[in-house]
Amino acid sequence: MNEPSITNLGEALAWARKIVPPAEARLLLRHVCRQSAAHLAAWPEEALPPPQWDAFRALVARRAEGEPVAYLLGEREFYGRNFLVNSRVLIPRPETELLVELALAHFSHVPHLKALDLGTGSGVLAITLALELDHPRIVALDWSREALKVAMTNAMRHAANVSFLCSDWFTGLGRETFQLIVANPPYVAEDDPHLALGDLRYEPRRALAAGASGLSELTAIVAGAGRHLQPGGWLFMEHGYDQSAAVRALLADAGFADIASWQDLAGIERASGGRWTG
Ligand code: GLN
């Protein structure tokens with residue numbers, strides 16, 4: 001990229017739009033200037049100081065290389081709130097809001113719910129449930145200490161009451177039991193070509209990939225969940241677009257009842273779950 005002489009917001013935007021999609025150019029410029037979209041639209045003549053132009057150019061260059069917008073901005077929205085993200089955590093995806101909706105549909109009337117979020121990452125599920133349910137007691141765990149730092153920062157940012165635990169699935173939980181377990185585990189097959197495309201190239205591999213079939217972590221979760229669910233408690237898991245039948249079979253083998261799958265907004269069966277009868 002050569003270095004045009006850019007002096008104002010409008011010129012900077014016009015320059016960036018030749019390199020990245022317009023919506024991304026606007027997001028990156030807003031981030032650098034700390035301004036609203038309306039401000040950018042209304043004041044294209046406003047001066048862009050050289051340090052901000054340098055910062056903007058650097059972000060556009062990184063985006064052009066493929067770095068995810070969420071990591072460049074350092075945040076991503078989930079269920080109407082902004083969450084800090086970095087390359088140690090999966091970028092929150094809209095389809096994961098389905099797990100929030102399932103939890104609320106089953107438990108919004110239950111005060112002091114005991115719930116567990118497995119593989120919390122940036123903490124979006126645990127924190128959203130902490131804020132949407134009625135005074136729940138939520139444990140969120142992850143094997144990654146770096147992910148837990150992000151999740152704890154997010155919990156502080158949103159003043160959400162969540163207990164965090166460093167644990168490889170259930171290993172660190174002792175005999176604790178819950179009324180609800182949610183999980184958005186890794187579920188992409190190791191050889192899935194999507195891992196080499198787009199944002200996924202930059203995301204933690206261990207948060208995405210799960211064995212040859214993509215089912216290894218879902219299998220471990222279903223196998224261990226019964227010991228940590230109270231009778232009548234629910235397990236809800238996100239999974240891949242073609243894994244719902246396999247996950248329902250895992251749940252049936254483990255003795256769950258009321259097994260079902262639910263569609264995301266794109267009409268894809270994206271979550272499955274069941275009730276533990278004890
Ligand atoms: N839905 C993600 C993707 O395929 C994967 C997320 C996950 O493995 N939990 O891009």
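Each ligand, and each atom within it, is numbered from 1 in the order the structure gives. For the single chain, residues carry numbers from 1 onward in sequence order.
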So the atoms of ligand 1 within less than 4.0 Å of a heavy atom of Leu208 turn out to be 5 (C), 8 (O)
For Pro185, the ligand 1 atoms with a heavy-atom partner under 4.0 Å come out as 7 (C), 8 (O), 9 (N)
So the side chain to side chain donor-acceptor pair (under 3.5 Å) pairs with at least one residue in residues 254-265 (sequence neighbours excluded) are Arg248-Ser261, Asp258-Arg275, Ser261-Ser272, Asp264-Arg270
for atom 1 (N) of ligand 1, nearest protein heavy atom and its distance come out as Tyr187 OH, 2.8 Å
query = Below 3.5 angstrom, do we get any N/O pair linking Arg93 and ligand 1?
reply = yes
A student checking ligand 1 against Glu95 at a 4.0 Å heavy-atom cut-off should list atoms 1 (N)
Residue pairs passing the salt bridge (Lys or Arg N to Asp or Glu O under 4.0 Å) test with at least one member in residues 219-233, sequence neighbours excluded, are none
Polar proximity ligand 1 side, Leu200 side, N/O cut 3.5 Å exclusive: no
### Query
Quick one: do Arg93 and Glu203 make a salt bridge, cutoff under 4.0 Å?
yes
Q) Do Leu99 and Met237 come within less than 4.5 Å of each other through their side chains, counting heavy atoms only? A) no
Checking heavy atoms under 4.0 Å, the part of Ala210 that sits near ligand 1 is neither
In this structure, atom 4 (O) of ligand 1 is nearest to the protein heavy atom Val188 CG2, 4.1 Å
Open item on the list: Within the 4.5 Å heavy-atom criterion, are Leu180 and Leu229 side-chain neighbours or not?
Closed with: no
